[in-house]
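Down below is the structure, laid out as structure tokens.
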Amino acid sequence: MSIYDTLNEQQRQGVFATEGPVLLLAGAGSGKTRVLTHRIAYLVEEKEVNPYNILAITFTNKAAAEMRERVDNLVGLEAGSAWIMTFHAACVRILRRYIERIGYENNFTIYDTDDQRTLIRDALKRFDMDTKIYKDKAVLAQISRAKDELITPDDMELAAGQDLRKKNVAKVYREYQRQLKASNALDFDDIICKTVELFTSCSEVLEYYQQRFRYIMVDEYQDTNTAQFKLVSLLAARHRNLCVVGDDDQSIYKFRGANVKNILEFEHFFPEAKVIKLEQNYRSTQNILDAANAVIRNNIERKDKRLWTDAGAGDKIEYHVYNSAFEEAYGIVSDIKKDVGNGAAYNDHAVLYRTNAQSRSLEEKFVELGVPYKIYGGVNFYGRKEIKDVLAYLKTIDNARDEVAIKRIINVPKRGIGTTTLDKISIYAQDNDCGLYAALVRCGEIPSISKATAAKVTGFVTMISAMRAKARELSVKELINEILNDIHYEEYLSDDDEPEEVADRMDNISELISKAAAYEAEAEVPSLSGFLEEVALVADIDGMDDSNNVVSLMTLHSAKGLEFPVVYLSGMEDGNFPSYMAVTSDDKSDLEEERRLCYVGITRAKKRLVMSMAKQRMIRGEVMICKSSRFVNEIPREYIAETGQGIRKPTPFGDVNAAEERLRAELPWNRPSGSIFSSGSSRISGSGYSAGVKRRQPTERPTFTKGAPVPAASEEELGYAAGDRVRHIKFGDGTVAKIVSGGRDFEVTVDFDTAGTKKMFASFAKLVKID
DNA sequence: GCCATTTCCCTTTTT
DNA sequence: GGGAAATGGC
């Protein structure tokens, strides 16, 4: 009996097909990690491949760690020299060794999103661009997408043609890259693109790695972007032993540049590829799978497949309609409590949601009812002010050219070096082409800076160089303590924070120090750069400890790749999930991505799936009236239980509507006069149509997703018609140009007097007829 | 240069 | 409702 006998036929095929390109279409819960780990074991033990020649790439450190552990269990530690790591970790490792060949220094810094935004804002300011039109976040997203596609600033400028915005973004993009390079820094995208650049410009480096990695495996292949595809293609070009594993139905990172075509067209790029489908699911019950299948089959852009199991039907899915988010939270937490009372463990349960903001009301109830929990994601630990301050000191010590770090700490704590002085120094640096730190050193030479101010700057420089000297002898942990002492950080915090907040921040710093100590204990060759790199590349979910007996709370995105006996999908409301953005988007594939996210959520559940919605939810301080998520309506009624664990029966149809009508009448925007709302967040409102808990037949799809709107006269339902004057809370007054029925909602086109022509859905637009 | 107040934007998801 | 940037007064 060998370890391969426990695999099913398709899984075995995946394990044994070691030579040539292989596409493994692995549905949720079909045992793909098992195939990958057994494949590595098979290569090492049966094919006598040196582990040194194996590269396995994942997206998260957690997945990499899990794979490493499982491989070690199968073949022992002898596979230690195989690279099993994330895209980013692998690329950083390569770049630390060879990046000098493309003009960076090996001790480059990694910039996070905050640092990126700082650079973008600086560039926008430098070019005197209107930040109302060029929002830093939007510009950054545009640049980031370009990088994912390996588009250079020159490419972008050429493609822009007469498009002024695009031209300007290209200009910012060029400046942004210049600044990154001046700071000897890479952003997340650069980590991939610069590796591609290194490979394409230095053939001997590429050849070295091609030679080395004879067998390459890529997990979650549906989430790769164009740059990552290029990287993998380059590495695999020599031996062509490339095995990619993924599921197009679980592609949920388009917003981050993932290109589903990589998996859909794999056979096009590698015509000799062997394709293996894994459709047997070992995780969930048939009812859960049927629900997942019913939802995902509404997507058009996908490879057809259908999950099945021989585990039996299992419990029906539960669906609860609550009056408010608070009731929903109470319902979920008390249900967990009851379950634990019946012998379940806390860590059998996970609560998933679309947006991080939803964790708040849940958290309150967990605290109130004394149920242990952990929230993953949300405010990043490394995004906290105090952590960023300390890290900026470390970065400045490690890489003198890191200008974002220098600018962050030069006046933290207050040293009397303000923006005016800093601007003067920046200009000097630019004029003399010498870098910010060099300009600081020479600030005595800058005529416009007074003696007194120059002395302060020199004091800073002296302190940093002293710290640099210490860094050579001290551990990272000791160095952080030195810094905190030298700059009297706690006193600085006490100046404007309350004592408890100071204590809180100092606790966070202690945690950072512990992480530094842990890093130094684990790393083969600990270094300051290494620590900063590890810190930059971790995700919150990486720290998940399955053995901790607490309930896990996280976004649907974070939940990918995980499984739990009991899963709660909370906030199943149209406008929340699918998100408002996706619902109103012109691009129908946005809605398909949300549906895939729903599919991911459903398939996390092993035994019990509990979905819920709140008819009223507070979003950004405003109460929103919500209707049931269209995804819930896509699940045939036969899979859904009528009652759920005795918490609450799904509210009868008529009641929902009656209750909603009453509520709506009381809402501020429905009162006759005096709307107090100024923001444009008209997310979800009462006009039009309410789905309640009604469920559609599986064959009946919302017309709106098919994109075949039927024109209809609709004045009665909406209270306005084409040609009428209407008022929108954000866009002001306008004339209705067109109303088109989209099956479940009306799509209204309005020519606004000042805001231009907008297309919107009636139920979200809160349009009011005016005379 | 510093501080308090106002204004803005935000919330879709993250390696 | 909240946090961070911009503004304006000292």
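In the text below, chain A, chain B and the rest are named by the order of the sequence lines, each starting its count at 1.
- Side-chain contact check for A:Asp590 versus A:Lys254: some heavy-atom pair is nearer than 4.5 Å.
- Using a 4.5 Å heavy-atom cutoff, the side chains of A:Ser552 and A:Tyr376 are in contact.
- Looking at heavy atoms from C-beta onward, A:Glu592 lies out of side-chain contact with A:Asp249 at the 4.5 angstrom threshold.
- The residue A:Glu594 sits close to a base: some heavy atom pair falls under 4.0 Å.
- Closest contact between the side chain of A:Thr60 and the listed nucleotides B:dT15, B:dT13, B:dC9 involves B:dT15.
- The interatomic distance linking A:Lys135 (NZ) with C:dA5 (P) rounds to 16 Å, in whole Å.
- Rounded to whole angstrom, the span from the CG atom of A:Asp219 across to the C1' atom of B:dT15 amounts to 14 Å.
- Between A:Tyr221 atom OH and B:dT15 atom P there is a gap of 21 Å when expressed in whole angstrom units.
- Nearest to the side chain of A:Phe255, among B:dT13, B:dT15, B:dG1, sits B:dT13.
- Between A:Ala357 and A:Leu422, the residue anchored closer to the 5' end of DNA chain B is A:Leu422, taking for each the nucleotide with the nearest heavy atom.
- Side-chain contact check for A:Gln228 and A:Asn262: no donor-acceptor pair (N or O, by modelled atom type) lies under 3.5 Å.
- Phosphate contact (OP1/OP2 of B:dT13, side-chain N/O of A:Arg256, threshold under 4.0 Å): absent.
- Across the protein-nucleic acid pair, A:Lys125 atom NZ and C:dA6 atom C1' stand 9 Å apart, rounded to whole Å.
- Rounded to a whole Å, the CE atom of A:Met618 is 6 Å from the P atom of C:dG1.
- For the pair A:Arg384 CZ and C:dG2 C1', the interatomic distance rounds to 15 Å; values are reported in whole Å.
- Nearest-nucleotide mapping onto DNA chain B: of A:Lys424 and A:Thr58, the residue sitting toward the 5' end is A:Lys424.
- The phosphate of B:dT14 (OP1 or OP2) has a side-chain N or O of A:Asn356 nearer than 4.0 angstrom.
- Considering only the side chain of A:Thr420, B:dG1 comes nearest among B:dC9, B:dG1, B:dT14.
- The residue A:Asn411 sits close only to the backbone: its heavy atoms come under 4.0 Å of sugar-phosphate atoms, none of a base.
- Note on A:Ser558: every side-chain N or O is 4.0 Å or more away from OP1 and OP2 of B:dT13.
- A:Glu327 and A:Ser324 share no side-chain donor-acceptor pair at under 3.5 Å.
- Across B:dG1, B:dC3, B:dT15, the shortest atom-to-atom separation from the side chain of A:Lys414 is found for B:dC3.
- A:Asp587 and A:Ser589 share a donor-acceptor pair across their side chains, judged by distance under 3.5 Å alone.
- A:Lys62 has its NZ atom 13 Å from the P atom of B:dT15, to the nearest Å.
- Protein atom NZ of A:Lys456 is 11 Å distant from nucleotide atom C1' of B:dC2, rounded to whole Å.
- In this model, the phosphate group of B:dT14 is approached by a side-chain N or O of A:Thr555 to a distance below 4.0 Å at OP1 or OP2.
- Side-chain proximity of A:Arg121 to the nucleotides C:dG2, C:dA5, B:dT15 is greatest for C:dA5.
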